[in-house]
Amino acid sequence: MSFDEIVRLGQQRGFFFKTAESYPNTPAGFLDYGPQGVGLKNRMVELWRRVVVKRDGMLEIDGSQILPRAVFEASGHLSSFTDPFVKCAKCGSVFRPDKLIEEKTGKGVPEKLGDAEYDQEMERSGVKCLKCGSRLSGTTRFNMMFKVGIGPAQEEAYLRPETCQSIFVDFPLLFKTQRVKLPVGIAQVGRSFRNEIAPRQALIRLRELNQAEVEVFFNPKKADDPRFDASLDKALSFRLPDGTDARMTVGEAREKGVVPHKLAGHYLALIAGFYEDAGIGPDAIRFRVLAEEDRAFYSRAAFDLEAKLSWGWVELVACNYRGDFDLGGHARVSGSNFTVDDDGEKVLPHVFELSLGIDRSMFAVMESSMKGEGERRVMALRPYLSPTQVCVFPLVNKDGLQEGARRVYEDLRESFDAFYDESGGIGRRYARADEAAVPACVTFDYDSLKDGTVTLRDRDTRAQERVSVPELRSRLAELTRSPAIGKRGPGR
RNA sequence: GCGGCCUUGAUCCAGUGGUUAGGAUAGUGGCUUCCCAAGCCACUUGCCCGGGUUCGAAUCCCGGAGGCCGCACCA
């Protein structure tokens, strides 16, 4: 199913759509979730809680979206989360100085030059405005963070560009009050904000995005602790920096140095397991191992979890070994103590991060769930992810079948996310339910009037069976139950 | 942000200076209907925004926004 078709279906069935669509000229990069989208998002997050956060015994927090300037000094975002720009004084055209110099001289420009150095380089190489031919100088920075002013004094603060800074900043307090020991994971679901230059592709690149992040704090001397052996047999696919693909177990990846330590391998296995539970097959999941020059400034090792969609691989999770970059930075700038006790040893913990994009993950799960046979399109979401769990229909709209169906619906809707529909023929209603990923449909027919049984129709097989109304509850509960802890995923 | 192409009901498409802007799909109401998008009747929703040319612009021109692709960016 193509990208466009998913976008269309997403809007049609109430999963997601452009923000403020009724107003012309609304900027790109923002989207609203409809009723089905909210349901899917909540269930994806809940699955993540079960199979990642709770299974691993992590803590979860919910931090503020606005953070003071100092936090981003320490995190490096103020200096590094920027792109250099130069604006032609004559005609107003905007260029990237590094690209202009590179084009003119044919030589690469060293990364992370200062503004003045860009101006010097442009002067030396005689770069001119591509539009009007004027001399260029005056490099400025475009920071991708949204700036906000707090209070009447408009004190400088920023909408967080990633959720993890709250976790780092809160870490010492959590460590003291929550009676935890290293290693410990701290998780957070929340919104982040990035002023992208070119947001594109609906859910794939947004200016306001939802993230589910995990920061694992550990003693670097114990990164190969036997406690992480449980995942050694889990097979994962890697795309190596040299462009080759390799499928190997976590244990092999550790031996070959593909992952820096067992801990990293364990968490890669954990997050891969989440996507398998979300319905993306192991063949469609891989970790792209980033070469040093492709890594973010804080990263000692980086793995992008990518999912194979019909138009290519899409990055869903950034997995980074951040070392002590973050806690060290916050310790320096804040003056607070970020070291903790680990069996009598004073440690500045290292961090391994799983930074998951919820919006694009939803998109990926939807796309990889789509099954089509001609006109018939089915979103075969795992039943525990389906926003609507059951639809209830009267077979026809007469002879008291509507009333009977309504009673069943009202009985179910307190326990399940149920939907009642009597509009259109029965086949059309099944088709609508299939597109909206509803795993079970209940039809109240003439036999129901006689013996109290209803038809239970399965989305994926289209098979029907008769069940009594009391039995419905247990059948639906079983159908929509989340994967049990300990029975799936790494270490299985 | 740069370059190319594009923008007509919720969706897909026709209309290329003067049309009551048309169709299909979807939707809603009704009729019909004993299980997989059947049929009949009725109805709702539209020319991306702003400026210009013209007696007259959905149609031509300029700018902006949005969309797709490529580049760049991507914590």
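By convention in this document, chain letters (A, B, ...) are assigned in the order of the sequence lines, proteins followed by strands, and residues within each chain are numbered from 1.
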Looking only at atom P, what distance separates B/A24 and B/A42, rounded to whole Å? 12 Å

Check: Between A/Asp434 and A/Arg377, does at least one N-O distance fall below 4.0 Å, as a salt bridge requires?
Finding: no

- Message: Any donor-acceptor pair, under 3.5 Å, between the side chain of A/Arg205 and the base of B/C73, if you only look at N and O atoms?
- Response: yes

If the P atom of B/A57 is compared with that of B/C48, how far apart are they to the nearest Å? 15 Å

- prompt: If the C1' atom of B/U44 is compared with that of B/G29, how far apart are they to the nearest Å?
  reply: 11 Å

field: Inter-nucleotide P distance (B/A26, B/C69), Å rounded
entry: 28 Å

Given salt bridge (charged side-chain N to carboxylate O under 4.0 Å, His left out), test A/Glu435 with A/Arg459 step by step and report yes or no. CA-CA 10 Å; A/Glu435 269 193 10; A/Arg459 174 193 66 201; over 6 Å; no

By nearest-nucleotide position on RNA chain B, the 5'-leaning member of A/Glu315 and A/Pro27 is A/Pro27

Rounded to whole Å, CD of A/Glu5 lies from P of B/C68 at a distance of 15 Å

Winner on side-chain proximity to A/Val396, out of B/G1, B/U33, B/A26, is B/U33

Looking only at B/C74, B/C35, B/G1, the nucleotide nearest the A/Tyr430 side chain is B/C35

Have a look at A/Asn397 and say if it touches a base, only the backbone sugar-phosphate, or nothing, with a 4.0 Å heavy-atom cut-off.
-> base

- Between A/Asp451 (side chain) and A/Thr453 (backbone), is there a donor-acceptor pair under 3.5 Å? yes

Rounding to an integer number of angstrom, what distance separates B/G22 and B/G64 when you compare their C1' atoms?
30 Å

| task | Measure up the A/Tyr267 and A/Phe352 rings against each other and bin them: parallel (under 30°), tilted (30 to 60°), perpendicular (over 60°). | result | tilted

- With respect to the phosphate group of B/C36, does any side-chain polar atom (N or O) of A/Arg459 fall under 4.0 Å of OP1 or OP2? no

Review point. Distance between the C1' atoms of B/G46 and B/A14, in whole angstroms?
Key: 14 Å

TODO: For nucleotides B/G27 and B/U11, find the distance between their C1' atoms and express it as a whole number of Å.
DONE: 11 Å

(message) Any N or O donor-acceptor pair under 3.5 Å from the base of B/A10 to the side chain of A/Glu21?
(response) no

By nearest-heavy-atom nucleotide on RNA chain B, the more 5' of A/Ile197 and A/Thr455 is A/Ile197

Against the side chain of A/Arg8, the closest entry in B/C36, B/C12, B/G29 is B/C12

Taking B/C35, B/A72, B/C49 as options, the one with an atom nearest any side-chain atom of A/Leu395 is B/C35

Integer angstrom distance from the P of B/A10 to that of B/C73: 38 Å

- Message: Any side-chain to backbone donor/acceptor pair from A/Glu367 onto A/Ala364? Under 3.5 Å, distance only.
- Response: no

Winner on side-chain proximity to A/Ala431, out of B/C68, B/A37, B/A65, is B/A37

(message) Between the base of B/C36 and the side chain of A/Arg457, is there a donor and acceptor pair under 3.5 angstrom?
(response) yes

Got a donor-acceptor pair under 3.5 Å from the side chain of A/Asp445 to the base of B/C35?
yes

N/O (side chain, A/Lys398) to phosphate O (OP1/OP2, B/U32) under 4.0 Å: no

